[in-house]
Trainee: 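First, the structure itself, so that you have it in front of you.
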Amino acid sequence: RYTRVETSSNEEMNWFYDLTWKSLPEKPGAINSVMHGDWLILADQNGIGNALAEQLQKRGHNCRVVMQQDELDERAWLQSTEKPMGIIDLRALTSISPTDDAACVNALASLQALIEYKGKATPKLWLVTQGVQRVENETISANSASQSLLWGLGRTISLEHPVIWGGLMDIDSGQVNQLGEFLTEE
């Protein structure tokens, strides 16, 4: 777990910033690890969505995995579940070019469904990217440029709709197996 810290690289001229990351302490006894509910996983083509569903199911959650090519009415899913925990959008992980903005369009559709939801629960929207935020010596691919659009959109959603905002998660290939753990801890 890391958090971003923005610091000035030139104390006299606050024009430039260095992006640094610092480790966060482990969270003792996360609340969501005790709560159980239903998750909608909008899956990627690489199998990360299926792996995430397995991890969440081991923790007692119910998961509906929807592949990119499959049709799903998110509003109908929200109304049909007893206790929706949220929507986890992994579709950006299969961006095909640096200018592919489909992930933002898809995320906006999920956001609209959550805004219109009138149930008792407060499901959250989680957006997942891979390799967008560089930590230490990671390599960033050209396709992560399209995923970085989600970070701007996510920051806007967090300010305009904080009640339904879950968060942004940028994973590297080594964190794929820990994604379910991260989500249930938050």
Side-chain angles (χ1 to χ4, degrees), residues 1-10 13-24 32 39-46 48-49 52 66-69 72 74-75 77-78 84-117 122-176 178-180 182-186:
R1 290 178 27 105
Y2 289 90
T3 187
R4 187 174 75 173
V5 180
E6 293 182 13
T7 59
S8 174
S9 63
N10 185 344
M13 300 172 65
N14 288 332
W15 294 357
F16 303 101
Y17 292 89
D18 292 323
L19 187 63
T20 58
W21 295 88
K22 67 176 186 174
S23 293
L24 290 175
N32 280 344
W39 289 95
L40 176 60
I41 300 174
L42 303 173
D44 61 321
Q45 301 291 332
N46 305 322
I48 296 173
L52 172 60
V66 178
M67 300 306 291
Q68 237 171 350
Q69 67 273 11
L72 173 76
E74 293 161 277
R75 289 169 184 83
W77 176 83
L78 286 165
M85 297 292 286
I87 298 173
I88 305 166
D89 193 340
L90 299 158
R91 295 175 292 190
L93 302 181
T94 54
S95 297
I96 55 175
S97 75
T99 59
D100 184 7
D101 65 351
C104 286
V105 174
N106 292 333
L108 284 173
S110 298
L111 173 66
Q112 289 171 337
L114 289 168
I115 290 169
E116 294 171 5
Y117 175 67
T122 308
K124 309 285 187 192
L125 176 62
W126 290 89
L127 302 176
V128 181
T129 59
Q130 188 171 26
V132 173
Q133 301 293 328
R134 186 175 172 166
V135 178
E136 296 176 357
N137 295 326
E138 290 178 321
T139 304
I140 296 177
S141 74
N143 287 348
S144 65
S146 64
Q147 294 181 46
S148 69
L149 298 173
L150 279 179
W151 281 75
L153 177 62
R155 289 180 181 135
T156 302
I157 295 169
S158 73
L159 296 172
E160 294 183 6
H161 301 284
V163 174
I164 59 174
W165 179 239
L168 283 162
M169 299 184 86
D170 188 62
I171 59 173
D172 64 22
S173 57
Q175 292 176 313
V176 170
Q178 299 169 327
L179 190 54
F182 293 151
L183 283 168
T184 55
E185 284 182 0
E186 296 298 324

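Numbers here are sequence positions counted from 1.
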Trainee: If every non-hydrogen atom of Leu150 is compared with every non-hydrogen atom of Ala103, which pair is closest and at what distance?
Mentor: CD2-O, 3.8 Å
Trainee: Measuring from Ile88:CD1 to Ile41:CD1, what's the distance to the nearest 0.5 Å?
Mentor: 5.0 Å
Trainee: So how far is it from Cys104 SG to Leu111 CG, rounded to the nearest 0.5 Å?
Mentor: 11.5 Å
Trainee: For Glu160, give me all partners under salt bridge (charged side-chain N to carboxylate O under 4.0 Å, His left out), at least two apart in sequence or on another chain.
Mentor: none
Trainee: Once you round to the nearest 0.5 Å, how far does CG of Leu93 lie from CD of Gln130?
Mentor: 5.5 Å
Trainee: Could you give the distance from CE (Met169) to CG (Asp89), rounded to the nearest 0.5 Å?
Mentor: 13.5 Å
Trainee: Do side-chain atoms of Asp44 reach the backbone of Ala92 as a donor and acceptor pair under 3.5 angstrom?
Mentor: no
Trainee: Please give me the minimum heavy-atom distance between Leu42 and Glu74, naming the atom from each residue.
Mentor: CD1-OE2, 3.5 Å
Trainee: Enter the distance from Leu125:CG to Ile157:CD1 here, rounded to the nearest 0.5 Å.
Mentor: 5.5 Å
Trainee: Apply the side-chain contact (heavy atoms from CB on, under 4.5 Å) test between His161 and each candidate in Leu159, Val163, Ile164; give the one that qualifies.
Mentor: Ile164
Trainee: Determine whether a donor-acceptor pair (N or O, by modelled atom type, separation under 3.5 Å) exists between the side chain of Arg91 and the backbone of Asn106.
Mentor: yes
Trainee: At their closest point, which heavy atom of Leu90 faces which heavy atom of Gly49, and how far apart are they?
Mentor: CD1-CA, 3.4 Å
Trainee: Does the side chain of Leu127 reach to within under 4.5 Å of the side chain of Trp165, using non-hydrogen atoms?
Mentor: yes
Trainee: Taking all atoms of both residues into account, what is the closest heavy-atom pair of Trp77 and Ile87, and its distance?
Mentor: CZ3-CG1, 4.5 Å
Trainee: Roughly how far apart are Leu149 CG and Thr129 OG1, rounded to 0.5 Å?
Mentor: 11.0 Å
